[in-house]
2 protein chains.
Amino acid sequence: MAYQYGGTGNTSPPERDAKQRIIDAAIELYSDHGFNGVTIKDVAAGANVSAPLVIHHFGSKAGLRKICDKYAAQRVYESKARAIEMGKQFTPEQMLLHSAKNRPILRYLVQALIAGGEEVDALMDQLVDDAVQYTAEAIDQELIKPSPDERRRAVMLLLQGFGSMMLHRQMKRLLGSSPMTDPPAEWGPYLTTIFDIYTNGVFEPEAYRGLYEGLAAQEDS
Amino acid sequence: MAYQYGGTGNTSPPERDAKQRIIDAAIELYSDHGFNGVTIKDVAAGANVSAPLVIHHFGSKAGLRKICDKYAAQRVYESKARAIEMGKQFTPEQMLLHSAKNRPILRYLVQALIAGGEEVDALMDQLVDDAVQYTAEAIDQELIKPSPDERRRAVMLLLQGFGSMMLHRQMKRLLGSSPMTDPPAEWGPYLTTIFDIYTNGVFEPEAYRGLYEGLAAQEDS
DNA sequence: GACAGGACTGAACAGCTGTTCAGTCACCGA
DNA sequence: TCGGTGACTGAACAGCTGTTCAGTCCTGTC
C-alpha cells in the first residue's frame, strides 16, 4: 500500500505524521534489537515509509539515533513530572514501576545506556540527581535508610536496576516473569526478591566490616 | 607481514596456533563491540590471519560465535574449579573479584548474556546453581543472611551484578572507576557501595512489609 | 617418491548497507 | 497562474558484509 499524501480531507485518518512514525518505529526496533541490529530500511518499513525519507528527515542513521535519544529523554522528563504530580511513591524500584506505561522508552533507554552518547550521559546524570533527591525525602519519611554516601548508593542502585532490566530475557527464564515483558500483575517474583534483598540485606552485619572499613580508610587518605 | 607456516624450526616462535588466536581475537573484539559490531575481517585481522581461514575453521560467523560461547563457558568452569581449590571467599561480589584475571571472559559473558543463545543459557543456569550452593555454605559460616527464597535471591544478585557490569561505562563516569576497566586497587568506590547496600540494606524494615506480605500471600494462593 | 589431507591464501561474488539523485506530487504565497 | 518549497518516492551507487573458489604450501603416510 503506497503512502497517502496528507491532504486536507483525505480518505484515511491523518494519524501521526511520517516523521513521528519514523521515530516511534526506530525506538521500538532499537529497543528490541539494539542499534547495530536495525537497518534504516527496517525502520522505514516499520513506519510505512521509504528509506530515503528517513535520510531526508534526519540526515543520516546517526542523526536518527540522536533524535531518538533526545525524544526518549524528553519522554522520561515528562514521565518524571507526571510522577511528581501524582504522589509520593519513592525508591528506585517504584520509579521503574511507575514507568510501566512507557516501558518501550525504558527499554530503549537501556539499549542507549550500553551504546553510550552525550544525550544519554546527560540523562543518566539527571536520573542520579533525581534519585538522590527522592531518596532524601524517603529518608525523612523513614522509608529508606540513610547511607554513608547517598550519591554513590543512588548510582549503584540505578545501575543495578537498569542492568538487571537489560537481562530481562534471563530474568524471564529464571524467575518466570520480568517487568520488561510482563504485565504488573506478574511482577511478584521480581518485587518480592527485590524487597527481600533491599529490606533484609544480604551480608551479615559483621561479616565484611573489616574489609569495608579498610577500604573506607584507604579512600580517606 | 604474511603468515609463517608453522614449520619445524622456523624463524619466529610458534606462539598459539591460528585457531586459538582467532578465538582469542574474537572474544576480545566481541566483548568490546558486541557481536554485530565486529566483522569476520576484523577478527581475522586481530588474529593475523585471512578471513576465509576463519570460515575454514568455524564454518560461518555463527559457528565462530558458538565456539566462543563454549570456550568462554569452559574458562568459567576452570576458574570456578580454581576458586574452590583456593579458599572460602564466597558471595557473588567475591566471585566477580576472583575473576579479575580473566576479565576478558567476564566481559565477553556479559555481551553473550544480552545476545542470548543456548550455550549461555546453560551457563547461566550453572552459575545460579553454583551461587545457591556457595550461598548455603556462606550462610552456615554466618557471612550471608538466609533468605525466604535462596534461588530467587541468587538469580537477582547475579542479574544485578552482571547488569551493572554491563553499564561499566556509566559506572566509570559516575563512580570514577569500574571493576571492568580498572585494576583492583581502584575498586574502592564500587566495593564500599556494594557493601553498604548489601550489608545495611536500603529499605527501612517496616516500610514495605505490607506490600511484601501482600505479594507473598498472592503468590501462595 | 608419490600422494592424500589439511592449513592457509588472494581473488571474486552475491547480497545487503547507508546514502545520493533525479523526479513527482501537493501545498502555499504572489 | 505561476513558481517556489518541502514531503516523498524508485532507481541506482559505492562500499562493506559473509562466504565461495581455485590454488599454494606444508606435513605425514605408504
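A, B, ... follow the sequence lines: proteins, then strands. Residue 1 opens every chain.
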**OP:** For Lys172(B), check side chain to side chain donor-acceptor pair (under 3.5 Å) against everything at least two apart and list the hits.
**Re:**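 With sequence neighbours excluded, Lys172(B) shows a side chain to side chain donor-acceptor pair (under 3.5 Å) to Asp182(B), given in chain and number order.
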Of all residues at least two apart in sequence or in a different chain, which pass the side chain to side chain contact (heavy atoms under 4.5 Å, CB included) check with [X]?
X: Arg169(B); value: Asp121(A)
X: Ala45(B); value: none
X: Lys70(A); value: Glu119(A)

Original post:
Is Thr192(A) reaching over with its side chain to a backbone N or O of Pro189(A), donor-acceptor style, under 3.5 angstrom?
Top reply: yes
Using atom [atom1] of [X] as one end and atom [atom2] of [N] as the other, report the distance to the nearest whole Å.
X: Asp17(B); N: dA7(C); atom1: CG; atom2: P; answer: 10 Å
X: Leu53(B); N: dG6(C); atom1: CG; atom2: C1'; answer: 11 Å
X: Asp42(B); N: dG18(D); atom1: CG; atom2: C1'; answer: 12 Å

**OP:** Determine which pairs satisfy ring-ring contact (aromatic ring centres under 6.0 Å, His included) with at least one residue from residues 39-60 of chain A, sequence neighbours left out, and list them in order.
**Re:** none
**OP:** Not counting sequence neighbours, list each pair that qualifies as a ring-ring contact (aromatic ring centres under 6.0 Å, His included) and has a residue in residues 109-131 of chain B.
**Re:** none
Can you identify which nucleotide, out of [options], has its nearest atom closest to the [X] side chain?
X: Pro52(A); options: dA7(D), dT9(C), dG10(D); answer: dG10(D)
X: Ser50(A); options: dT20(D), dT19(D), dC8(D); answer: dC8(D)
X: Ile55(A); options: dA7(C), dT20(C), dC21(D); answer: dT20(C)

Original post:
Considering residues at least two apart in sequence or located in another chain, which fulfil the ring-ring contact (aromatic ring centres under 6.0 Å, His included) criterion with Phe35(B)?
Top reply: Tyr30(B), Tyr108(B)
Subject >> Those residues of residues 23-41 of chain A lying under 4.0 Å from DNA chain D by at least one heavy atom >> reply: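 Residues of residues 23-41 of chain A that come under 4.0 Å of DNA chain D do not exist, since none gets that close.
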Original post:
Hey, can you pull the residues of residues 56-66 of chain B with a non-hydrogen atom under 4.0 angstrom from DNA chain C?
Top reply: His56(B), His57(B)
